[in-house]
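In what follows, a single structure is set out as structure tokens and then discussed.
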Amino acid sequence: MPAFQTSPGMRDILPPDSARWRRFVDVFAGIVGPAGYGLVIPPLLEDAGVFQRVGEATEVVTKQMYRFTDLGGRDVALRPELTASICRAFAEHRPAVPWKVWCAGPQFRYEKPQRGRLRQFEQVDVEVLGVDDPHVDVEVIALGWRFFQALGLRRVELALNTLGQPDDRRRYVEALRDHFEAHLDALTEEGRQTLTRNPLRVLDSKRSGDADVIAAAPAMTDHLSDAAADHFATVRAGVDALGIPYRIEPRLVRGLDYYLRTTFEYLGGTLDSAQNALGGGGRYDGLVEALGGPATPGVGFAVGVDRTLIACDDEGVFSTPAVGVDVFVVDTTGGAEALVITEELRQAGRSADRAFDGRSMKSQMKAADRSGADVAVIIGPDELAAETAVVRPLRVHGDGTPDQAVVPRAKLVHHLIQHHSLRSPAPLASEDE
RNA sequence: GUGGGCGUAGCUCAGCUCGGUUAGAGCGCCAGGUUGUGGCCCUGGAGGUCGGGGGUUCAAGUCCCCUCGCUCACCCCA
């Protein structure tokens with residue numbers, strides 16, 4: 001066993017998986033960028049008060065924060081979510097509205113790790129601040145949907161609900177409290193504890209013992225004001241107009257307490273555990289104000305990278321991109337020539353690698369094969385003396401050994417670019433799938 | 001926070017039931033077969049405090065206790 005390993009719930013992401021992660025974020029940026037969203041990069045560490053406004057009854061902030069006093073005596077926390085940070089940034093800098101931004105990065109919650117749930121977890125996220133129009137709800141919902149499609153996922157389900165205006169929500173919570181308190185004996189012990197913190201959250205219980213009381217609970221739709229009902233109707237009509245399938249999920253409440261009006265979740269079609277929510281979001285019109293900014297409507301969503309990649313694995317889509325270089329240089333004369341040739345190729349915008357430590361030709365050819373290169377350049381004593389290089393194709397399909405060519409050393413890079421279809425200089429951005 | 005399963009080579013795992021020479025396999029890695037040519041094949045090699053600590057025993061990878069870690073589920077959440 002190594003002397004050190006990653007802390008629980010943390011992990012290293014190594015090649016080649018790391019390339020997949022990076023591409024995941026690239027795909028997301030490719031969806032939201034053209035829709036007018038700009039990247040915002042808030043700090044990972046904030047005043048703990050920023051997150052406390054997320055909700056006193058939310059376990060995420062009451063029990064799960066990495067919170068500590070820094071050397072200057074500040075009460076700080078590693079961010080347990082992105083939305084609060086982005087709203088704080090808005091309140092602090094007061095950008096012009098609408099403020100359409102996206103974000104990607106790690107968040108931290110002190111939980112017991114399991115499949116699809118880590119203590120450091122990555123999300124990609126969009127937020128729109130300063131727009132009340134229900135059509136922006138639709139835009140945001142559609143962006144998430146298109147993102148899952150772009151990854152190749154076909155079995156994601158969209159669930160929609162509304163929690164009403166603040167007054168509606170308040171009245172509904174009271175109605176729920178009355179209902180559950182009248183049937184306390186039908187609730188599990190855990191359900192009763194949730195009830196004292198937040199009656200809304202009881203609806204989110206996955207305990208079978210609570211199922212009957214929840215099924216009999218009053219519905220939000222009976223407590224909606226006309227304005228909230230209109231807003232939601234427009235959202236639904238917009239999602240319909242875009243041809244995005246969804247279902248109304250009256251029991252859908254979100255984990256954070258700031259949500260009101262539109263809420264939604266994207267559910268993975270193959271993960272059937274409690275971790276089947278790939279992402280979700282909704283409106284949080286009061287959050288900026290709670291953080292000391294002007295009254296500002298807001299809507300957004302976040303997608304969990306881990307869970308979504310698990311869903312991709314289950315559906316067999318969005319595979320790890322092949323890594324490799326264009327050219328592998330084999331040099332049995334000491335390696336100095338390989339040093340120069342790889343440099344020339346890289347300067348010319350082509351990727352190139354080589355072996356070190358003066359290995360045998362056989363060993364270097366093996367390395368060339370493993371490197372994924374399409375072509376090997378071979379420099380031996382003869383080539384060095386004659387100022388030539390052997391160019392050997394490695395990836396010719398069919399039978400027989402491919403022909404190798406001897407080219408003048410001075411024309412080597414030119415020859416490779418002319419006669420071999422080398423990959424683009426930025427393989428990560430390529431659309432090779 | 002609660003409960004189940006599992007920790008043996010870089011990786012995936014046998015071996016543990018019923019304690020007994022030097023702890024194995026496949027893959028990967030290194031080298032050789034081919035003194036200038038990868039993939040396939042053959043041969044050889046390196047690599048292990050059997051997660052850690054304690055106990056029982058003449059003897060522990062194997063039995064017992066503790067502990068750490070991983071994992072799955074609950075809770076909660078993305």
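Computed over heavy atoms, backbone and side chain alike; hydrogens, waters and symmetry mates excluded. Chain A is the first sequence line, chain B the second, and so forth, proteins listed ahead of strands; every chain is numbered from 1. From a predicted model like this one, the values you see are computed outputs, not experimental measurements.
For the pair A:Arg354 and A:Phe356, the distance from NZ or CZ to the six-membered ring centre is under 6.0 Å and the angle to the ring normal is within 45 degrees. Judged by the 6.0 Å and 45° rule, A:Arg119 forms a cation-pi pair with A:Tyr110.
A:Arg117 contributes a side-chain N or O that forms a donor-acceptor pair with the base of B:C75 under 3.5 Å. Taking only distance into account, the side chain of A:Gln404 meets the base of B:U37 through a donor-acceptor pair shorter than 3.5 Å.
Taking atom C1' in both B:U49 and B:G44, the straight-line distance is 27 Å, to the nearest Å. B:G61 sits 8 Å from B:A23 when the C1' atoms are compared, rounded to a whole Å. Of the C1' atoms belonging to B:G24 and B:G48, the separation is 11 Å, rounded to the nearest Å. Nucleotides B:C50 and B:A9 place their P atoms 10 Å apart, quoted to the nearest Å. A gap of 16 Å separates the P atoms of B:U21 and B:C63, to the nearest Å.
Rounded to whole Å, atom C1' of B:C72 lies 10 Å from atom CZ of A:Arg115.
Here A:Thr332 contributes atom OG1 and A:Ile379 contributes atom CD1; the two are 9.0 Å apart, rounded to the nearest 0.5 Å.
Relative ring orientation between A:Phe147 and A:Phe28 is described as perpendicular, the plane-to-plane angle rising above 60° on a 0-90° scale split at 30° and 60°.
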